[in-house]
Amino acid sequence: MKLRMKLSAAIGAPSLFPCCSFTHLPASPSTLYASIPFSAVVLSLYVRQRRNKLFLRAVNLDCESVEQMNLKKEIPELNKNLYPSIEPYCTGFLKVSNLHTLYWEQSGNPNGHPVVFLHGGPGAGTSPNNRRFFDPVFYRIILFDQRGAGKSKPHACLEENTTWDLIGDIEKLREHLKIPEWQVFGGSWGSTLALAYSISHPDKVTGIILRGIFLLRKKEIDWFYEGGAAVIYPDVWEPFRDLIPEEERSCFVEAYHKRLNSDNLETQYAAARAWTKWEMMTAHLLPNEENIKRGDDDHFSLAFARIENHYFINRGFFSSDSFLLENVEKIKHIKAIIVQGRYDVCCPMMSAWDLHKAWPEAEFLVVPGAGHSANEAGIAAELVAANEKLKKHP
């Protein structure tokens with residue numbers, strides 16, 4: 001009887017168990033669990049014998065945490081792992097002008113929700129790994145190489161190559177594949193193009209995922225190509241700088257433009273290698289040797305450097321420096337997720353932050369301990385999760 005009275009007094013103490021009220025205590029500790037209401041409290045009892053005495057310890061958890069725990073059981077965590085490598089089920093070439101022909105491919109589910117992947121650079125082209133951000137059971141995954149890039153022809157061509165030409169190409173591809181509307185996914189320059197396309201054709205976009213935001217403003221180009229990022233990477237900057245004579249260093253973009261468009265192919269290649277290596281060596285928070293080696297590939301580097309430089313010297317062919325921010329109102333109704341590496345040197349977080357302030361409706365995720373590349377573990381995980389979220393808003 002004394003034991004039951006002590007237990008009853010302890011359990012009934014309002015300061016210890018605000019979520020529960022106890023009117024009685026069972027005669028036997030073995031029936032205790034059956035008589036205590038568990039709807040609002042989790043109670044753990046520890047009965048042990050020490051020196052012929054019974055001790056009981058009760059632990060009360062906050063009522064709301066129980067509800068949260070139940071909710072977590074009902075809502076499984078989003079997948080953040082890259083999907084296995086897959087091959088396209090369909091590939092082709094689309095002639096978009098008298099000069100340009102684009103390579104395109106489709107993978108995943110032919111009857112799934114369509115998503116178009118917009119690669120970076122401009123001029124980088126697509127790669128097989130780009131397919132792995134998307135659930136191949138749910139998504140119909142469309143990749144294509146923009147004008148002059150990857151497998152598209154003619155290679156490294158700057159003629160008829162503007163942002164507005166690319167936006168027109170995306171529409172031609174959508175119509176060619178008979179897709180009424182699709183999700184848009186783009187990183188780095190791909191985020192620039194994704195924003196520009198969505199602003200131009202908001203009725204054709206079901207959702208937007210952006211990574212490593214690049215708004216192609218002068219201050220962003222100056223940061224990366226005129227010495228800003230050199231403060232962080234002085235050792236990597238010097239080879240990029242030293243290719244240009246001192247008398248031409250007032251504007252590196254213009255100096256490289258001159259060499260990338262030289263009549264001498266070897267001059268073009270030398271400039272292309274230096275330009276590409278500068279970006280590849282700064283694209284990851286920690287050096288990525290495989291990525292850096294891409295700078296030694298003259299075929300890749302020429303398209304990458306020439307097309308990038310062409311777009312940057314022409315300020316993206318936008319009518320104003322803040323064109324994308326000025327027109328974001330047109331896409332605020334579209335479900336969107338922005339993923340940004342905290343220590344992105346190529347496209348520093350100031351641009352993502354400016355976009356976030358102009359577009360608070362979009363979900364904004366900052367990945368700590370990550371740089372620019374979509375292939376960094378933290379960024380890749382959030383991109384996969386973002387696609388998982390948009391599966392619920394097709």
Side-chain angles (χ1 to χ4, degrees), residues 81-83 85 117-134 143 145-146 148-151 155-156 185-193 210-214 220-221 223-225 228-230 232-241 243 256 260 269-309 311-312 339-349 351-352 367-384:
N81 298 315
L82 289 169
Y83 284 93
S85 298
F117 179 95
L118 305 180
H119 67 69
T126 56
S127 66
N129 199 55
N130 300 149
R131 308 168 195 144
R132 299 184 62 195
F133 295 112
F134 311 95
L143 273 61
D145 292 333
Q146 297 159 29
K151 298 177 184 177
H155 179 70
F185 181 109
S188 194
W189 156 256
S191 74
T192 318
L193 185 57
L210 306 173
R211 184 268 312 167
I213 302 306
F214 181 43
E220 297 170 46
I221 296 170
W223 158 260
F224 194 63
Y225 293 102
I232 301 173
Y233 285 96
D235 52 335
V236 180
W237 170 256
E238 286 190 3
F240 176 85
R241 179 200 65 190
L243 185 79
Y256 270 91
L260 290 167
Y269 281 146
R273 285 192 295 269
W275 179 284
T276 304
K277 285 184 178 180
W278 163 241
E279 183 161 337
M280 296 303 159
M281 293 181 77
T282 55
H284 289 76
L285 184 62
L286 299 176
N288 183 292
E289 292 302 323
E290 183 179 349
N291 200 51
I292 293 170
K293 287 179 182 178
R294 300 181 80 187
D296 295 324
D297 182 341
D298 286 342
H299 183 80
F300 170 81
S301 291
L302 188 62
F304 182 79
R306 286 194 84 213
I307 298 173
E308 271 200 346
N309 178 273
Y311 272 76
F312 299 168
V339 177
Q340 177 69 33
R342 168 70 71 179
Y343 301 109
D344 188 333
V345 173
C346 301
C347 299
M349 190 175 144
S351 298
V367 182
H372 180 68
S373 176
N375 296 320
E376 293 199 38
I379 293 179
E382 292 301 338
L383 291 175
V384 173

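Counting from 1, the numbers follow the sequence of the chain as shown. Treat the numbers as computed from the prediction; the structure is a model and nothing was measured.
Around the CZ atom of R342, the shell of radius 6.0 Å holds no more than 12 heavy atoms that belong to other residues, nucleotides or ligands.
Evaluation of the side-chain hydrogen bond (donor to acceptor under 3.5 Å, both in side chains) rule for E220 yields R217, S351 as partners, not counting sequence neighbours. For W223, there are no ring pair (Phe, Tyr, Trp, His ring centres under 6.0 Å) partners at least two apart in sequence or on another chain. By the ring pair (Phe, Tyr, Trp, His ring centres under 6.0 Å) test, F300 pairs with F304, sequence neighbours left out. Y256 meets the side-chain hydrogen bond (donor to acceptor under 3.5 Å, both in side chains) test with no other residue; sequence neighbours excluded. Residues passing the ring pair (Phe, Tyr, Trp, His ring centres under 6.0 Å) test with F214 are F312, sequence neighbours excluded. Annotation: side-chain hydrogen bond (donor to acceptor under 3.5 Å, both in side chains) contacts of Y83 (sequence neighbours excluded): N79, E388. Residues meeting the side chain to side chain contact (heavy atoms under 4.5 Å, CB included) test with L82, sequence neighbours left out: R132, F133, A380, V384. By the side chain to side chain contact (heavy atoms under 4.5 Å, CB included) test, A149 pairs with H119, sequence neighbours left out. For R273, the side-chain hydrogen bond (donor to acceptor under 3.5 Å, both in side chains) partners are D298, not counting sequence neighbours.
Of the inter-residue distances, the one linking I213 atom CD1 with Q340 atom CD reads 6.5 Å to the nearest 0.5 angstrom. Here the straight-line distance linking atom CD of E238 with atom OH of Y233 works out to 15.5 Å at 0.5 Å rounding. Here L243 contributes atom CG and W278 contributes atom CH2; the two are 14.0 Å apart, rounded to the nearest 0.5 Å. Atom OG of S127 sits about 6.5 Å away from atom CZ of F117, to the nearest 0.5 Å.
Counting only N and O atoms by type, the side chains of E376 and Y343 include no donor and acceptor under 3.5 Å apart. Looking at T282 and H372, their side chains never bring a donor and an acceptor atom within 3.5 Å of each other.
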In sequence, state the C-alpha distance, the side-chain angles, and the governing distance for W275 and E308, and then conclude on side-chain contact (heavy atoms from CB on, under 4.5 Å).
-> CA-CA 10 Å; W275 179 284; E308 271 200 346; 2.8 Å; yes
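Of all non-hydrogen atoms in A230 and W237, the two that sit nearest each other are CB-CG, 3.3 Å. A229 approaches V345 most closely through the heavy-atom pair CB-CG1, 3.6 Å. The two atoms that bring I379 and S373 nearest to each other are CD1-O, 3.5 Å, heavy atoms only. Minimum heavy-atom separation, A305 to T276: CB-OG1, 4.0 Å. Summarising the geometry of A156 relative to A303, their closest heavy-atom pair is CB-CA, 3.8 Å, with the distance given to 0.1 Å. Taking each heavy atom of S301 and A272 in turn, the nearest pair found is O-CB, 3.5 Å.
I307 has its side chain out of reach of Q146: every pair of non-hydrogen atoms, C-beta onward, lies at least 4.5 Å apart. Between N130 and F185, the closest side-chain pair of non-hydrogen atoms is not below 4.5 Å.
Within the 3.5 Å criterion, the main-chain N or O of L260 finds a donor-acceptor partner in the side chain of R306. Counting only distance, with no hydrogens or angles, the side chain of T126 and the backbone of D145 share no donor-acceptor pair below 3.5 Å.
Among residue pairs with one or both ends in residues 274-285, those qualifying as salt bridge (charged side-chain N to carboxylate O under 4.0 Å, His left out) are K277-D296; sequence neighbours excluded. Sorted by first then second residue, the salt bridge (charged side-chain N to carboxylate O under 4.0 Å, His left out) pairs that include residues 117-127, not counting sequence neighbours, number zero.
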Could you list the donor-acceptor pairs under 3.5 angstrom formed by side chains in residues 286-293, with sequence neighbours left out?
| from | atom 1 | to | atom 2 | distance (Å) |
| --- | --- | --- | --- | --- |
| N288 | OD1 | E290 | N | 3.3 |
| N288 | OD1 | N291 | N | 2.8 |
| N291 | ND2 | M280 | O | 3.4 |

